[in-house]
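Taking it in order: structure first as structure tokens, then the write-up.
Being a predicted model, the structure only gives us computed values, none of them experimental. Each ligand, and each atom within it, is numbered from 1 in the order the structure gives.
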Amino acid sequence: MSAPEKVKREVLLLRKQIGRHNELYYTLDNPQIPDADYDELVSRLSNLEREYDLVLGDSPTQRVGASPSSQFSEVKHEVPMLSLDKVFDGAGLRSFDSRVTKRLANNFALDYSCEPKVDGIAVSLLFEGGYLVRGSTRGDGERGEDITQNIKNLRGIPHKLVSVPTRSRLEVRGEVFLTKSGFESLNQTAEKEGTKIFVNPRNTASGAMRQLDPKLSGKVPLQMFCYGIGICEGLNLPNRLSEVFNELDTFGLPVNKERQVEQGIDGCLNYCNSLLTMRESLDYEIDGAVIKVDSLVGQKHIGQNARTPRWAMAFKFPAEEKTTRVLGVEFQVGRTGTITPVARLEPVFVGGVTVSNTTLHNMDEVARLGLRVGNTVVVRRAGDVIPKIVKVLNGRGTRGGSAIVLPSDCPVCGSPIEKDGAVLFRCSAGMVCSAQQKETIKHFASRSAMDIEGLGSKLVEQLVDGELIENVSDVYNLNVDQIAGLERMGRKSAENLIAAINKSKSTTLPRFLFALGIREVGDATAAALVGYFGDLDRILKASVEQLEKVEDVGPIVAFRIFSFFSNEDNLSLVKKLRHSGITWEEQASSLSVKPLAGQNFVLTGTMERLTRNEAKARLIELGAKVAGSVSKNTDCVVYGSGAGSKLLKARSLDIKVIDEEELFNLFGDLDV
Ligand code: IVH
């Protein structure tokens, strides 16, 4: 059936959205939507693709995960590492069973191997003659990273298998994870030692596995459960998966004791339900159950799709939700004065982290939830997404509580709060408000702006509260004695800070412009402005119409820039900053030819030495255009670690690809 235009449009949109979320999840380690919402997008897309026969090789439904990071050496999987299809309810599982039963032309209830779906990192272990010779990540399913040294640090993995033939090759696959208790004790130590708190067990496990220094990865008490076999040569394994697990157990490999063989799909559904009830009591995180045809001959007969076996199915549990109480609501003031309500919660462990406060975004959200202080609420946390209150529990005496009222005055400086647009409220005081003052200075000193190492959040608060600085230009008048006198600051750190402040004086114009904190002017816009106008004076004097000529600058942004530089205080601040010695090299404007003019770049993966936005800003300065996706018009793709689909696409289209080092060489050659 040929698909109607409307369906085709939806399919294209879904592919784009999923692509973006894949990048956020796999490459940037920064998912923005709950796993459950992501799964819904993928399942809608795969249903449409199936129904209208729109499956394409490069659709996100046909891909497995991220490509390997470039720092480890690459391992090509002799047998590809597949992923799993998923269902979210009993009906989905039943239709899986009907498909399987049909393919096997079976008349009676099949045996299924049922296992917890552990939320960790997929790995492959290769044993030759019984000896562990290689450990690798899944990567994109075809090629992964060699993490042998890190794997050898896992206490539960034998370096030598028991009673395995000397000429055999056996590849075991499984999930590496961190227990909930291991995660908590790591964080207790981190808290005691004042080091960084880990976000959740999965991220911690992933970070430890991809840690280049095996000594560091060894500090995280990781475990593993084996769930399948890849290569198997010179060794006779049983012909049922459940028996293979028993055999792996006798070899000395870790297998999950919650696994179970169930007859027919009703048995599987019972298994899923009872696993869900024990979810909390397990010492590791699971996000569902995996149901697999137990007969290996059956598995072979049923076969696989491009990236998933047809004989296995993940039954996904809903995103984890917990109830807790709202103890109070505080109103925070952001850099530009935005007032954000933040709920203080009775601490609750949900989705692998302890949550004690959560943003309510704005007063419309408070009204939508019907939230009052003292209410019992449901908090959901899925994947790595920030926890959120999804609903207020009504009835059972939980209603009551006191109303959440937006204060009429700023909670920090007491100036009147004004409405800004449909849902936002702002403190009207501008830089007179110490919260805005502090946030502006933090932004000014941040890495993508003036990059003043050591001038972090705490120190800025101390400096402002101690009345040592009031605005960003005061930073350049600080001296060692003033800083050394602050709590927890020695002379040495004070000297280092002054050195960092002095170092920041030699910068680039886009950084300086971005550091000023003009509303809506991010680092890419700052670079585009400089690219267009060339020097600061022209930007200061530009009219709204002229500003709008810059790529990506619309009327609102143009107006913000124009108003910022129409303000006398801002102009005198810029003057003071320049007088304190801040310099940059003047650049040619777009009127003169730039070295990368007309070239289309795409950035993907994580860079080591600079953020992607910084790289983007520099490329724009050089005249290049930086796009978000690879097309046949792309001239060059720059990839960092963990780059995935974009890199693959670039290679398939024969587009030039360069890594971070080559990008630096290019910057060097072009003298920036
Ligand atoms: S079987 C051929 N079994 O889930 C099928 N996977 O979403 C390969 N996972 O990549 C996977 N527990 O990392 C299987 N008991 C289990 C699992 C499991 C966790 C992970 C695995 C896989 C992912 C798919």
Side-chain angles (χ1 to χ4, degrees), residues 18 22 25-26 31 35-36 38-39 42-43 46 60-66 77-88 92 96 100 112-125 135-142 144-145 147 171-178 201-202 205-206 209-210 222-232 241-242 244-245 248-249 253-262 268 271-272 275 279 282 284-294 296 298-300 302-317 382-383 644:
I18 295 167
N22 277 346
Y25 184 93
Y26 290 112
D35 283 2
Y38 172 85
D39 290 343
V42 176
S43 110
S46 64
T61 54
Q62 307 300 304
R63 264 184 247 124
V64 185
H77 299 300
E78 286 174 43
V79 181
M81 286 186 80
L82 300 178
S83 182
L84 288 169
D85 259 341
K86 21 190 156 171
V87 293
F88 303 92
F96 160 71
V100 165
Y112 287 104
S113 167
C114 303
E115 306 152 29
K117 186 169 184 306
V118 180
D119 197 10
I121 318 299
V123 298
S124 134
L125 312 179
S136 60
T137 61
R138 182 181 66 174
D140 62 6
E142 299 286 334
E145 293 163 336
I147 50 162
E171 184 202 0
V172 182
R173 284 146 182 206
E175 199 81 351
V176 167
F177 60 94
L178 175 60
R202 188 182 182 281
S206 161
M209 271 296 93
R210 301 177 72 244
L222 297 173
Q223 293 190 22
M224 176 179 176
F225 285 137
C226 302
Y227 58 60
I229 300 291
I231 305 163
C232 178
L241 182 59
S242 50
V244 171
F245 285 143
L248 294 183
D249 190 23
L253 285 162
V255 280
N256 196 323
K257 70 174 175 31
E258 307 317 328
R259 69 188 188 280
Q260 212 160 295
V261 179
E262 294 288 349
C268 295
Y271 175 87
C272 293
L275 191 63
R279 182 184 197 177
L282 293 173
Y284 49 87
E285 299 207 311
I286 60 172
D287 56 356
V290 186
I291 311 298
K292 301 171 184 169
V293 170
D294 197 35
L296 297 183
Q299 288 187 2
K300 208 160 175 195
I302 299 170
Q304 64 186 59
N305 295 319
R307 58 169 199 128
T308 54
R310 292 199 200 100
W311 43 263
M313 186 56 78
F315 179 89
K316 292 275 283 200
F317 291 159

Pair Leu82-Arg138, side chain to side chain contact (heavy atoms under 4.5 Å, CB included): steps then yes or no: CA-CA 9 Å; Leu82 300 178; Arg138 182 181 66 174; over 6 Å; no
message: I'd like to know whether Met209 forms a side chain to side chain contact (heavy atoms under 4.5 Å, CB included) with Val176, so could you lay out the CA-CA distance, the side-chain angles of the two residues, the decisive distance to 0.1 Å, and finally the verdict.
response: CA-CA 9 Å; Met209 271 296 93; Val176 167; 4.1 Å; yes
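On a distance-only criterion, Trp311 and ligand 1 share no N/O pair closer than 3.5 Å. Between Pro309 and ligand 1, not a single N/O pair is under 3.5 Å apart.
To the nearest 0.5 Å, atoms CG (Leu84) and CZ (Arg307) are separated by 9.0 Å.
The pair Lys292-Glu115 meets the salt-bridge criterion, with a side-chain N (NZ, NE, NH1 or NH2) lying under 4.0 Å from an Asp/Glu carboxylate O.
Relative ring orientation between Tyr284 and Phe177 is described as tilted, the plane-to-plane angle lying within the 30° to 60° band.
With respect to atom 17 (C) of ligand 1, the closest heavy atom belonging to the protein is Tyr227 CD2, 3.5 Å. At the top of the distance list for atom 4 (O) of ligand 1, counting protein heavy atoms only, stands Lys117 NZ, 3.2 Å. Distance from atom 8 (C) of ligand 1 to its nearest protein heavy atom, with residue and atom name: Leu82 O, 3.7 Å. In this structure, the protein non-hydrogen atom closest to atom 10 (O) of ligand 1 is Arg138 NH1, 2.9 Å. Looking from atom 15 (N) of ligand 1 to the surrounding protein, the closest heavy atom is Glu115 OE1, 2.8 Å. Among protein heavy atoms, the minimum distance from atom 3 (N) of ligand 1 is reached at Lys292 NZ, 3.0 Å. Scanning the protein heavy atoms around atom 13 (O) of ligand 1, the nearest turns out to be Glu175 OE1, 2.5 Å. Counting only heavy atoms of the protein, atom 19 (C) of ligand 1 lies nearest to Val118 O, 3.2 Å.
Taking the six-membered ring wherever Trp is involved, the centroid distance between the rings of Phe315 and Phe88 does not fall below 6.0 Å.
For Gln260 and Glu258, the side-chain atoms include no donor-acceptor pair closer than 3.5 Å. Asp294 and Ser242 share a donor-acceptor pair across their side chains, judged by distance under 3.5 Å alone.
Within the listing of ligand 1, atoms 12 (N), 15 (N) sit less than 4.0 angstrom from a heavy atom of Pro116. The Leu84 neighbourhood of ligand 1 comprises atoms 5 (C), 6 (N), 11 (C), 14 (C), 24 (C), with distances under 4.0 Å to a heavy atom of that residue.
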